[in-house]
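Residue numbers begin at 1 in each chain, while the letters A, B, ... track the order of the sequences. Bear in mind that the values here come from a model prediction, so they are computed numbers and not experimental data.
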Number of protein chains: 2
Amino acid sequence: MGVVERKLRDLEKIKLQIIEQSWLIVEEEGWQALSIRKIADAIEYSVPVIYKHFENKDAIIAYFTRQGFAMMAEQLASAVDLNKSADDNLYNIATSYWKFALEHKKCYEIMFGLGIPQCEVVNSIKEMKATSTVMLTCISKCITENNVDQIDLYLKFKTFWSILHGIITIEFLSNQKTNPEEVSPILTDAIQGFIISLKHHHN
Amino acid sequence: MGVVERKLRDLEKIKLQIIEQSWLIVEEEGWQALSIRKIADAIEYSVPVIYKHFENKDAIIAYFTRQGFAMMAEQLASAVDLNKSADDNLYNIATSYWKFALEHKKCYEIMFGLGIPQCEVVNSIKEMKATSTVMLTCISKCITENNVDQIDLYLKFKTFWSILHGIITIEFLSNQKTNPEEVSPILTDAIQGFIISLKHHHN
DNA sequence: TCCATTAGTTAACAGTGTTAGCAAAATTAA
DNA sequence: TTAATTTTGCTAACACTGTTAACTAATGGA
């Protein structure tokens, strides 16, 4: 009779509760309101229990960062349709990125929330690689489809990502409630510009 | 005999010390290390003295935010040379922006430092207007010089700023020590793309 | 039943922002 | 000069934060 198994399940249940309740707090009151004591209150356990499941508070945040990148990678990947042109796919990836950022604002916030602490974390996240791979492969196809082989793939990739991230940050700063479904004209403009500049590259 | 004046000067001196020492702490240990008690220690006064000069800690941070935008506006303005073409000026503004961000990393950090709190602050800063005006006027000239009058100035402005900010954030995340004088190829690429897309707009 | 492990607790330490209340110093008025 | 008043700066507290040591109660196996 799997007593050990049940115990492990119970432990896992507490961990899930920590994650769940943490997320509730973040959604309602923002990241800076997330505190160990508040989580302990919410899961109706004492404070040290949390440290049995997460090394420290940063580990909890890191968990959401990883999860965020995993979700994003999935969403971007599902935006790609191999029957369409690479140009179209790139545009769809961009709008998909936009949608993700707006639908998961709080998530996107820590994923890229600058400040120094996050930097090292972000660079050591394998889930982040999945995200960038989706973009990289699509841009790579764009380059071959448009016969501009001399172009620097990695440069273009970074440019693409930078543009996307920049637009979203500026959007966040001008905090009008934006509908994720309505893609910003700025995004359309910038991405079209990006694709144009791809085609106009002289081999 | 201006006793009152001297007193005011003394008060001003303390305020300057608060600013000076705060900046030292931030430069050496980062924003999250800045605490009222640490400042008090550094200026060799007790904690409540600080509250005579700043309403609270946020006000100190807001001070640096304002100052940052003022400095940036100045630096961008000085990058403009009326003898040159608007296209060239726009490129120079971009590199100037890049230089500012890298030379004043800690400053740029709070100016655009994520979190929600900053959002409202940023939107209510007149020094920020000065910054955006420099960019706006230059893009406006680009549009007339290139005879693409049908274009949406404000849209292009936002796109331009988004691209710049995005590139810098990504640069910060991949925290290799970058030389501010060496402009990133990503920046050059993106800005050239931006200008190309301006010219290729169909009236 | 006794022992060992584990789960979960309380209570503390060191730090944070902020403020009330008090003492000393400086200025003004008499 | 003395008395009253304002200013200046301090101590100490409050209510938080993350983190951990030390203890108790419960559980599982021999």
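- Backbone-only contact: B:Leu34 has heavy atoms under 4.0 Å from sugar-phosphate atoms and none from a base.
- Atom NZ of B:Lys38 is separated from atom P of C:dT18 by 16 Å (rounded to the nearest Å).
- We find that CD of A:Gln32 is positioned 18 Å from P of C:dT16, with the value rounded to whole Å.
- Using a 4.0 Å cut-off between charged side-chain N and carboxylate O, A:Lys99 and A:Glu181 make a salt bridge.
- Rounding to whole angstrom units, NZ of residue B:Lys13 and P of D:dG9 are separated by 13 Å.
- For A:Tyr51, the side-chain atoms get nearest to D:dT20 when compared with the rest of C:dG8, D:dT20, D:dG9.
- If you take NZ of B:Lys57 and C1' of C:dG17, they are 8 Å apart, rounded to a whole angstrom.
- Note that CE of B:Met135 and OG of B:Ser140 are 14.5 Å apart. Values are rounded to the nearest 0.5 Å.
- Between B:Ile50 atom CD1 and C:dT19 atom C1' there is a gap of 14 Å when expressed in whole angstrom units.
- For the pair A:Ile18 CD1 and C:dG8 C1', the computed distance is 13 Å after rounding to whole Å.
- Rounded to whole Å, atom C1' of D:dG18 lies 10 Å from atom CG of A:Asp58.
- For the atom pair CD1 (A:Ile151) and CD1 (A:Ile139), the distance works out to 10.0 Å, reported to the nearest 0.5 Å.
- Under the 30°/60° scheme for interplanar angles, the aromatic rings of A:Phe160 and A:Phe194 are found to be tilted.
- Under a 4.0 Å N-O distance rule, the pair A:Asp189/B:Lys158 does not qualify as a salt bridge.
- B:Trp31 places a side-chain N or O within donor-acceptor distance of the main-chain N or O of B:Lys106, the cut-off being under 3.5 Å.
- Atom P of nucleotide D:dA13 and atom CD1 of B:Ile36 are separated by 21 Å, given to the nearest angstrom.
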Protein-nucleic acid N or O pairs under 3.5 Å, nucleotides 9-15 of chain C:
{"unit_1": "C:dT9", "atom_1": "OP2", "unit_2": "A:Ser46", "atom_2": "N", "d": "2.7"}
{"unit_1": "C:dT9", "atom_1": "OP2", "unit_2": "A:Ser46", "atom_2": "OG", "d": "2.7"}
{"unit_1": "C:dA12", "atom_1": "N6", "unit_2": "A:Arg37", "atom_2": "NH2", "d": "3.3"}

